[in-house]
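Some notes on the structure that comes next.
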Protein chains: 2
Amino acid sequence: MTTEQTHAQSNAEMRDKLTQQLRDRGLRLTPQREKILEVFFNLPEGDHLSAEELHQRLKSHHLDISLATSYRTLKLLVSVGALRELDFSEDHKHYELSRNPEAPHHHIICSGCGKTEEFESPEVLQLAVNLLREKRYKLTDVQLKLYGLCQDCCDDEPD
Amino acid sequence: MTTEQTHAQSNAEMRDKLTQQLRDRGLRLTPQREKILEVFFNLPEGDHLSAEELHQRLKSHHLDISLATSYRTLKLLVSVGALRELDFSEDHKHYELSRNPEAPHHHIICSGCGKTEEFESPEVLQLAVNLLREKRYKLTDVQLKLYGLCQDCCDDEPD
DNA sequence: GTGCTTGCAAAATGTTTGCAAGACG
DNA sequence: CGTCTTGCAAACATTTTGCAAGCAC
């Protein structure tokens with residue numbers, strides 16, 4: 001992996017890399033898979049979707065891709081490293097583009113209203129790299145979640 | 001890293017505090033709730049259970065507590081801060097005793113075999129405290145998850 | 001063709017809920 | 001009593017799967 005390119009890869013680059021990774025596994029970049037990826041590319045950085053949200057978004061673009069295919073594709077894209085699977089404390093998972101696997105961002109989650117904010121932390125990443133090297137793990141993702149009550153929810157809550 | 005008195009509270013302390021917290025909310029420490037807590041108290045530190053695992057464990061102790069009650073109790077105990085809710089990338093949540101809320105521990109998760117390891121990190125905690133103070137959140141939990149492939153799974157995987 | 005992929009509907013999980021009966025202060 | 005709790009079964013939400021049909025190399 002190149003250390004000089006510290007920022008996210010371009011869409012074209014990601015696409016090429018992805019196609020290759022799929023080919024290597026004897027899989028295809030079908031129209032459905034492309035469309036799903038497109039949704040994620042068009043998502044503001046730091047944003048994330050659940051399977052249901054993805055499906056709704058496809059629908060609103062008049063793309064009839066079944067929910068089952070959405071689920072299957074999400075799983076597939078996670079397995080090739082194109083998407084990152086996030087779970088906040090909800091009943092479903094969220095997915096976002098792995099824009100920059102070298103510098104994964106983290107989340108602040110309000111337990112009151114479910115709002116999320118993103119932040120990066122080179123310190124945490126460094127700590128993760130060192131720790132897993134020491135323990136002889138091959139690092140694949142670092143997810144730090146800070147749960148709290150945002151200012152609005154502190155006021156709301158009678159607690 | 002220091003084994004000081006400021007570490008986890010004793011079971012008796014936790015119990016008292018908990019009873020009080022429940023009372024304050026007009027709730028009861030029923031036999032079922034006590035039994036469930038007992039299971040967690042008897043769990044090796046760092047260990048965690050899913051709702052189903054808890055239910056099985058109760059059953060094996062000849063305690064007929066319904067699965068619904070297990071779920072309800074888990075939720076309740078989380079809401080009063082007695083338990084911590086964890087979600088690894090599985091289809092169910094895990095719960096563990098909040099032994100020391102001041103120094104939450106974190107997890108290394110093998111994506112291959114699902115094995116988990118615990119570790120503490122004062123640095124991460126400090127970072128969380130500072131960041132959330134700055135953003136005016138009331139911090140409730142810090143969860144760092146490091147995903148990777150353990151040595152065994154690296155060997156196994158043909159990848 | 002062969003084998004990957006899709007859509008559909010059904011199934012499988014994990015979790016929550018309505019309700020009547022029970023327990024407790 | 002009134003209210004909190006429980007167990008049961010049904011409901012619910014999310015995700016997975018079997019299968020037949022479709023598509024790509």
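Per chain, numbering begins at 1; letters A, B, ... match sequence-line order.
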- Between A/I36 (CD1) and C/dT5 (P), how many Å, whole number? 12 Å
- Query: Between the side chains of B/T69 and B/S66, does any donor sit under 3.5 Å from an acceptor?
  - Reply: yes
Can you pull every protein N or O that's under 3.5 Å from an N or O on nucleotides 4-9 of chain D?
unit_1, atom_1, unit_2, atom_2, d
D/dC4, O4', B/R28, NH2, 3.4
D/dC4, O2, B/R28, NH1, 3.2
D/dT5, OP1, B/R28, N, 2.5
D/dT5, OP1, B/R33, NH1, 2.4
D/dT5, OP2, B/R33, NH2, 3.4
D/dT5, O5', B/R33, NH1, 3.2
D/dT5, O5', B/R33, NH2, 3.1
D/dT6, OP1, B/T30, OG1, 2.7
D/dT6, O3', B/Q32, NE2, 3.0
D/dG7, OP1, B/D64, O, 3.0
D/dG7, OP2, B/S66, N, 3.1
D/dG7, OP2, B/S66, OG, 3.1
D/dG7, OP2, B/T69, OG1, 2.5
D/dG7, N7, B/R72, NH2, 2.7
D/dG7, O6, B/R72, NH2, 3.4

- Item | End axis versus end axis in the helix from C/dG1-D/dC25 to C/dG25-D/dC1, the angle rounded to 10°, five pairs used at each terminus | 30°
- Note on the structure: Distance col, row B/K93:NZ vs A/E90:CD, nearest 0.5 angstrom, shows 8.5 Å
- Message: Pair A/N130, A/Q126 - check side-chain hydrogen bond (donor to acceptor under 3.5 Å, both in side chains), show working.
- Response: CA-CA 6 Å; A/N130 291 342; A/Q126 195 53 54; 3.2 Å; yes
Without placing hydrogens or testing angles, list every side-chain donor-acceptor pair under 3.5 Å for residues 104-118 of chain A, not counting sequence neighbours.
unit_1, atom_1, unit_2, atom_2, d
A/H105, NE2, A/E96, OE1, 3.1
A/H105, NE2, A/E96, OE2, 3.1
A/H106, ND1, A/L144, N, 3.1
A/T116, OG1, A/H48, NE2, 3.3
A/E117, OE1, B/K135, NZ, 3.0
A/E117, OE2, B/Y137, OH, 2.8

- How many Å lie between NE2 on B/H92 and C1' on D/dA13, as a whole number? 17 Å
- Tell me whether the OP1 or OP2 atom of D/dT15 has a side-chain N or O from A/K75 closer than 4.0 Å. no
- Item | Salt-bridge present (A/E85, A/K75; N to O < 4.0 Å) | no
- Note on the structure: B/E90 CD to C/dT15 C1', in whole Å, measures 16 Å
- Message: We want to know whether A/S121 and A/E123 form a side-chain donor-acceptor pair, criterion being a heavy-atom distance below 3.5 angstrom.
- Response: yes
- Item | Euclidean distance, atom NE2 of residue A/H55 to atom C1' of D/dT14 [Å, nearest integer] | 14 Å
- Note on the structure: Rounded to whole Å, the NZ-P distance (A/K93 to D/dA13) equals 18 Å
- Task: Return no unless some side-chain N or O of A/Y71 is found under 4.0 Å from OP1 or OP2 of D/dT16.
- Result: no
- Query: C/dG14 P sits how many Å from B/D91 CG, rounded?
  - Reply: 5 Å
- Query: Does any donor atom in the side chain of B/S89 or B/Y147 lie under 3.5 Å from an acceptor atom in the other side chain?
  - Reply: yes
- Query: Taking the side chain as C-beta and beyond, is there a heavy-atom pair between B/L49 and B/Q56 under 4.5 Å?
  - Reply: no
- Hey, are B/D141 and B/R84 close enough for a salt bridge, meaning a charged N less than 4.0 Å from a carboxylate O? yes
- Message: Whole angstroms only, please: what is the NE2-P distance between A/H94 and D/dT14?
- Response: 10 Å
- Task: Would you kindly give the OH-to-P distance between B/Y95 and C/dG14, to the nearest whole Å?
- Result: 12 Å
